Peer 1: 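Structure below; questions to follow.
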Amino acid sequence: MSMIVRRLSRAATAGLVAAAALTAAAHSAEAADTLGSAAAGQGRYFGTAVAASHLGETDYAATLDREFSSVTPENEMKWDATEPSRGSFTFTSADRIVDHAQSQGMDVRGHTLVWHSQLPSWVSPLGASDLRTAMNAHINGLMGHYKGEIHSWDVVNEAFQDGGSGARRSSPFQDKLGDGFIEEAFRTARAADPAAKLCYNDYNTDGVNAKSNAVYNMVKDFKSRGVPIDCVGFQSHFNSNSPVPSDYRQNLQRFADLGVDVQITELDIEGSGSAQAADYTKVVEACLAVSRCTGMTVWGVTDKYSWRSGGTPLLFDGDYNEKPAYDAVLSALGGAGDPGDPGDPGDGASCTATYTRTADWSSGYNGQVTITAGAEPISSWTATVTLPAQQSVSSLWNGTPTWSGNVMTVRPSWNGTLAAGASTSFGFTAAKNGSDAAPAVGSCTAS
Ligand code: G3I
């Protein structure tokens, strides 16, 4: 059962009926200059990989909550973590991250559905037909659980070999199902959650080279044949052996020109001081120069928990101090001013919420609430809707609800980031149970 349905099952019972105001606006008191709010000023998200096991650490959670507008579970959504034995799904750790993110108004990237690594041992011995069935069941199980809650999914990860050949990597999927497994995974994923952006994700594809050419040709082929792909993820793990390529922007742009979004998905750059800061600046500037580069994710909050901790590749040191690389990223995002300066992203964040009934029948109706950002870009919003006492909500889409009596507080599922004046909406189906009255939309707050 999906999280949304699980939460909405609490909707049925009573409370008060608030009359009226269908539009409300409010201002966030939150100050501006964080990575997430600065990126929102550029119409982008700024995310980080998160490990569920660190969420209980006060400084980790505080840094995460303050700075980032998107999270990617670092390991918790992988196949070995979510389906350790066939058909038996476990979402405890991933749910913890998703719940935390949603409670803070952050969006969630899904990582990853089909990958040769971190596969549980039962997968590799399967024969071709069984493997195909298992792959599709895994996609459906994972995407179904988080339906409507993930802005982008890494559907297939790292399917191409390194080196000059441009060939597919040997894996159970490649070896038994052939090239078509990638296309099949994307088609299954589209049906499982039509609202999620579907990405192919890989490393050492950040510049123009044989491997990125092979991915490029695959994406071009998918677009020409209508295979559903929306985005390409560039992991961007850099160090002295694999520096930020000089043609990084050019490479992002050529993929964008195929008609897909591009995202920087696992950014880290080994080093320190001004040299590391300068490399981070190059990456942020490359993304900002490509209009279809929709967001950046660093692969961890603090150096001490990085998979490459010895290379100190992240924006916060082990004591959560901001490094020169942090200042460089914030500055490149246009967010380095003092909080309260006019024009700083987030200072005047505001939104309005407007309700309309979009369908009506004797026993129920569909409602839609449109959220519109005010004069400044926003990275998240929260709207409250009070339902007449008799009514109950059976489903809700494009938003994440929490309940107190019959007051529904809705935060974004994937649609938190809005440019100034831009709109998004969430919808819901309600049972009238004898009351045809309209729900009341209360405050809309933004950050
Ligand atoms: O949780 C267990 C723990 O119980 C056990 O005691 C310990 C012993 O080794 O292992 C722990 O699991 C480790 C897990 O990270 C959680 O910390 C695994 O061994 C370790 O292999 C795993 O590494 C992850 C790696 O993917 C696995 O391939 C890294 O955290 C994660 O950052 C890394 O992320 C990948 C992306 O998914 C894909 N792109 C490359 C990127 C970096 O390798």
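Keep in mind the model is a prediction, meaning the values are calculated, not measured. Heavy atoms only: backbone and side chains are in, while hydrogens, waters and symmetry mates are out. Ligands are counted one by one from 1 in listed order, and the atoms in each one are counted from 1 as well.
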Peer 1: Would you say the side chains of N239 and S242 form a donor-acceptor pair under 3.5 Å?
Peer 2: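 Checked: N239/S242 side chains show no N/O donor-acceptor pair below 3.5 Å.
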Peer 1: Check whether any heavy atom of E158 sits under 4.0 Å from an atom of ligand 1.
Peer 2: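 Yes, that is the case, since the closest heavy atom of the residue is under 4.0 Å from the ligand.
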Peer 1: For the pair E76 and R96, find out whether any cationic side-chain nitrogen is under 4.0 Å from an anionic carboxylate oxygen.
Peer 2: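 Salt bridge absent between E76 and R96.
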Peer 1: How about atom 15 (O) of ligand 1: does it have a protein heavy atom within less than 4.0 Å?
Peer 2: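 Flag for atom 15 (O) of ligand 1 set to true, protein heavy atom closer than 4.0 Å.
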Peer 1: List the closest protein heavy-atom neighbour of atom 22 (C) of ligand 1: residue, atom name, distance to the nearest 0.1 Å.
Peer 2: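 Closest protein heavy atom to atom 22 (C) of ligand 1: N75 OD1, 4.1 Å.
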Peer 1: Please report which non-hydrogen protein atom sits nearest to atom 33 (C) of ligand 1, along with the residue it belongs to and the distance in Å to one decimal place.
Peer 2: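 The answer is K78 NZ, 3.8 Å.
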Peer 1: Heavy-atom pairs closer than 4.0 Å: do any link ligand 1 to the side chain of Y203, the backbone, both, or neither?
Peer 2: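 None of Y203 does.
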Peer 1: Are side-chain N/O atoms of D65 and H100 paired as donor and acceptor at under 3.5 Å?
Peer 2: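 Note: D65 and H100 side chains meet the donor-acceptor criterion.
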Peer 1: Evaluate the 4.0 Å heavy atom contact test for atom 37 (O) of ligand 1: does a protein atom fall under the cut-off?
Peer 2: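 Yes, there is one.
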Peer 1: Can you find a side-chain donor-acceptor pair between S236 and Y248 that sits under 3.5 Å?
Peer 2: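 Yes, because at least one side-chain N or O of S236 sits under 3.5 Å from a partner of the opposite role on Y248.
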Peer 1: Within 4.0 Å of atom 27 (C) of ligand 1 (strictly less), any protein heavy atom?
Peer 2: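 For atom 27 (C) of ligand 1 the answer is yes, since some protein heavy atom falls inside 4.0 Å.
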Peer 1: What pairs meet the side chain to side chain donor-acceptor pair (under 3.5 Å) rule with one or both residues in residues 42-53, with sequence neighbours excluded?
Peer 2: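 Qualifying pairs, neighbours excluded: Y45-Q263.
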Peer 1: Mark yes when over 12 heavy atoms from residues, nucleotides or ligands other than K220 sit less than 6.0 Å from its NZ; otherwise mark no.
Peer 2: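 Counting other residues, nucleotides and ligands, NZ of K220 stays at 12 neighbours or fewer.
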Peer 1: Tell me whether atom 5 (C) of ligand 1 lies less than 4.0 Å from at least one protein heavy-atom position.
Peer 2: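 It does not; no protein heavy atom is within 4.0 Å.
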Peer 1: Specify whether the nearest protein heavy atom to atom 8 (C) of ligand 1 is under 4.0 angstrom away.
Peer 2: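 So far as the 4.0 Å threshold goes, atom 8 (C) of ligand 1 is out of reach of every protein heavy atom.
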Peer 1: Can you tell me the protein heavy atom closest to atom 39 (N) of ligand 1 and the distance?
Peer 2: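 Going by distance alone, atom 39 (N) of ligand 1 is nearest to E266 OE1, 2.7 Å.
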Peer 1: In ligand 1, which numbered atoms sit nearer than 4.0 Å to a non-hydrogen atom of H237?
Peer 2: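 Atoms satisfying the 4.0 Å criterion: 40 (C), 41 (C).
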Peer 1: Indicate whether atom 30 (O) of ligand 1 is within a distance of less than 4.0 angstrom of some protein heavy atom.
Peer 2: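 Within 4.0 Å of atom 30 (O) of ligand 1, protein heavy atoms are found.
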Peer 1: Could you list the atoms of ligand 1 found under 4.0 angstrom from a heavy atom of Q235?
Peer 2: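 Heavy-atom distances to Q235 below 4.0 Å select 39 (N), 40 (C).
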Peer 1: Side chain, backbone, both or neither: which applies to N157 and ligand 1 if a contact is any heavy-atom pair less than 4.0 Å apart?
Peer 2: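 Contact part for N157 vs ligand 1: side chain (C-beta onward).
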Peer 1: Give me the one residue out of V215, N213, D162 that meets side chain to side chain contact (heavy atoms under 4.5 Å, CB included) with T205.
Peer 2: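 With T205 as partner, side chain to side chain contact (heavy atoms under 4.5 Å, CB included) holds for just one option, V215.
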Peer 1: Is atom 20 (C) of ligand 1 less than 4.0 angstrom from at least one protein heavy atom?
Peer 2: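 No, because not a single protein heavy atom sits under 4.0 Å from atom 20 (C) of ligand 1.
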Peer 1: Could any protein non-hydrogen atom be found less than 4.0 Å from atom 41 (C) of ligand 1?
Peer 2: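 For atom 41 (C) of ligand 1 the answer is yes, since some protein heavy atom falls inside 4.0 Å.
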Peer 1: As a test of understanding, state which of K223, R292, K197, R190 forms a salt bridge (Lys or Arg N to Asp or Glu O under 4.0 Å) with D230.
Peer 2: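 One option only clears the test, and that one is R190.
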Peer 1: Output yes when the distance from some N or O of ligand 1 to some N or O of H111 is under 3.5 Å, and no in every other case.
Peer 2: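 Yes, at least one N or O pair falls under 3.5 Å.
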Peer 1: Show the atoms of ligand 1 that are less than 4.0 angstrom away from any heavy atom in Q118.
Peer 2: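 In order of number, 25 (C), 26 (O), 27 (C), 28 (O).
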